[in-house]
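Working notes, beginning with the structure itself.
Values reported hereafter were calculated over all heavy atoms of this structure, with side chains retained and with hydrogens, waters and symmetry mates removed. A, B, ... follow the sequence lines: proteins, then strands. Residue 1 opens every chain.
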2 protein chains.
Amino acid sequence: MEKLDQVLFFTLEKSIKKYRQFAQKQIDSANIDITIDQWLVLKSIQDLPDISQHQIAENVFKDYASVTRMIELLVKKDYLTRAFHATDRRRFNLIITKKGNSVLDKLIPIITANRKQALKSLTKEEIEKNRAFLNRIIENCKPGIGNL
Amino acid sequence: MEKLDQVLFFTLEKSIKKYRQFAQKQIDSANIDITIDQWLVLKSIQDLPDISQHQIAENVFKDYASVTRMIELLVKKDYLTRAFHATDRRRFNLIITKKGNSVLDKLIPIITANRKQALKSLTKEEIEKNRAFLNRIIENCKPGIGNL
DNA sequence: TACAGTTTGATGATATATCAACTATCATTG
DNA sequence: CAATGATAGTTGATATATCATCAAACTGTA
């Protein structure tokens, strides 16, 4: 069996971890109290204000349970409030607070710079090819007749 | 700001997560009681029998604390034993048990099949290009003068 | 309308990630 | 040899991942 560092999935894990560490450090350095995962959730709500927690989970491909807990944290941090939903009493209205919006605004230039730095010297074409490649992996890993 | 699904790092996260879910399912289906992360640690020890916990952590780019806890679990599961190190009393000798070796053996065909399935229809050349691409991201995210 | 099945969300248990603080041991050097 | 600094590993706290189970509310249909 090959050594781990020759396996593509290993490089894949390493790259995303390094990017996350790097990006989180930049956020911390700016004294913004949020994790990348919390930001993903908050951003999903901003993009689709009437989103449900289940939809958020699918959006950021996280577990429903994780989303529940992350939302609790965002409420604790006063970035988000929960109100009753007008038509469905199982659901909540997730409303980003002023503080939450301010954090989202402050994050824009940081995240943009992070992505730019991480993709420095890589062309648009390379990036697109890579995305296509990764999407084929995603397709191949879908549960299907072949691997149930 | 772009929607999340247009961001490369998002696709990157998704692909590694989908691969992990898929691969873990195959392991579970074979009734092998191990997680992928535990396997990574066990495999590191098999590859380098005199490895230290710090080296393991670097090998699989995990935190030292995580490695400590994963090793505890592997010992509990009787896949690994800890003995005193001959020359350095701070360290441990990590020895894979018979049971551990048996699990490692049983995993070889499963992991091989997983990787093959996930990379189905992707050529060696594409894979190599992709690895190079990811390595450039890793380089770009290294802490340096530009982003401290 | 009443029941069955589905959807939304919460919670408990376990595994891992990350940071910080801590102990024990080793290595260096004055 | 003693003081200092480096290294190996542990532990606590908090965040997240995953699975299973649960309750409440909704929907469709007999």
Keeping to residues at least two apart or across chains, list the ring-ring contact (aromatic ring centres under 6.0 Å, His included) pairs with something in residues 72-112 of chain A. none
Would you list the pairs meeting salt bridge (Lys or Arg N to Asp or Glu O under 4.0 Å) in which at least one residue belongs to residues 95-123 of chain A, sequence neighbours left out? Arg115(A)-Glu2(B)
Here the distance between atom P of dT18(C) and atom CD1 of Ile27(A), to the nearest Å, is 14 Å
Do Gln24(B) and Asp28(B) make a side-chain contact, defined as non-hydrogen atoms from C-beta onward lying under 4.5 Å apart? yes
To the closest 0.5 Å, what do you measure between NZ (Lys14(A)) and CD1 (Ile16(B))? 13.5 Å
Between P of dT14(D) and CG of Asp33(A), the distance in whole Å: 13 Å
Just the atom pairs and distances: protein N or O near nucleotides 3-6 of chain C's N or O, under 3.5 Å.
none

Within residues 76-87 of chain B, residues whose heavy atoms come under 4.0 Å of DNA chain D: Arg82(B)
Go through Leu8(A) and Leu134(B) one step at a time and tell me if the side chain to side chain contact (heavy atoms under 4.5 Å, CB included) criterion holds. CA-CA 9 Å; Leu8(A) 177 73; Leu134(B) 296 174; 4.3 Å; yes
Among residues 35-58 of chain A, which ones have heavy-atom contacts with DNA chain C below 4.0 Å? Ser52(A), Gln53(A), His54(A)
Between C1' on dT16(C) and CD on Glu13(A), what's the gap in Å once rounded to a whole number? 11 Å
Below 3.5 Å between N/O atoms, which protein atoms pair up with nucleotides 18-22 of chain D? Just atom names and distances, please.
| unit_1 | atom_1 | unit_2 | atom_2 | d |
| --- | --- | --- | --- | --- |
| dT18(D) | O4 | Arg69(A) | NH1 | 2.9 |

What is the distance, rounded to the nearest whole Å, between atom CG of Asn93(A) and atom P of dT8(C)? 15 Å
Does anything in residues 130-139 of chain B form a salt bridge (Lys or Arg N to Asp or Glu O under 4.0 Å)? List the pairs, not counting sequence neighbours. Glu126(A)-Arg136(B), Glu128(B)-Arg131(B), Glu139(B)-Lys142(B)
Which atom pairs, donor and acceptor, lie under 3.5 Å between side-chain atoms of residues 57-70 of chain A and protein residues at least two apart or in another chain?
| unit_1 | atom_1 | unit_2 | atom_2 | d |
| --- | --- | --- | --- | --- |
| Lys62(A) | NZ | Asp37(A) | OD1 | 2.6 |
| Asp63(A) | OD2 | Ala65(A) | N | 3.0 |
| Thr68(A) | OG1 | Tyr64(A) | O | 3.3 |

Flag if over 12 foreign heavy atoms under 6.0 Å of NZ, Lys129(A): no
Hey, what do you get for CG (Leu94(A)) to CD1 (Ile71(A)), rounding to the nearest 0.5 Å? 5.0 Å
The criterion is salt bridge (Lys or Arg N to Asp or Glu O under 4.0 Å); which residues satisfy it with Asp88(B), sequence neighbours excluded? Arg90(B)
Hits for salt bridge (Lys or Arg N to Asp or Glu O under 4.0 Å) against Lys77(A), two or more places apart or cross-chain, chain-then-number order -> Asp33(A)
To the nearest angstrom, how far is Glu72(B) atom CD from dA17(C) atom P? 15 Å
How many whole angstroms separate atom CD1 of Ile71(A) from atom C1' of dA10(C)? 12 Å
Arg91(A) side chain N/O closer than 4.0 Å to the phosphate oxygens (OP1, OP2) of dT7(C)? no
Trace of the side chain to side chain contact (heavy atoms under 4.5 Å, CB included) decision for Arg91(A) with Asp50(A): CA-CA 10 Å; Arg91(A) 293 182 48 184; Asp50(A) 194 42; 3.9 Å; yes
For atom CD1 of Ile34(B) and atom C1' of dA15(C), their distance in whole Å: 13 Å
Check the distance between dG9(C)'s P and Arg89(A)'s CZ and give it to me in whole angstrom. 15 Å
Does OP1 or OP2 of dG9(D) have a side-chain N or O of Thr68(B) closer than 4.0 Å? no
By the ring-ring contact (aromatic ring centres under 6.0 Å, His included) test, which pairs, at least two apart or in different chains, include something from residues 119-142 of chain B? none
Considering residues at least two apart in sequence or located in another chain, which fulfil the salt bridge (Lys or Arg N to Asp or Glu O under 4.0 Å) criterion with Lys43(A)? Asp47(A)
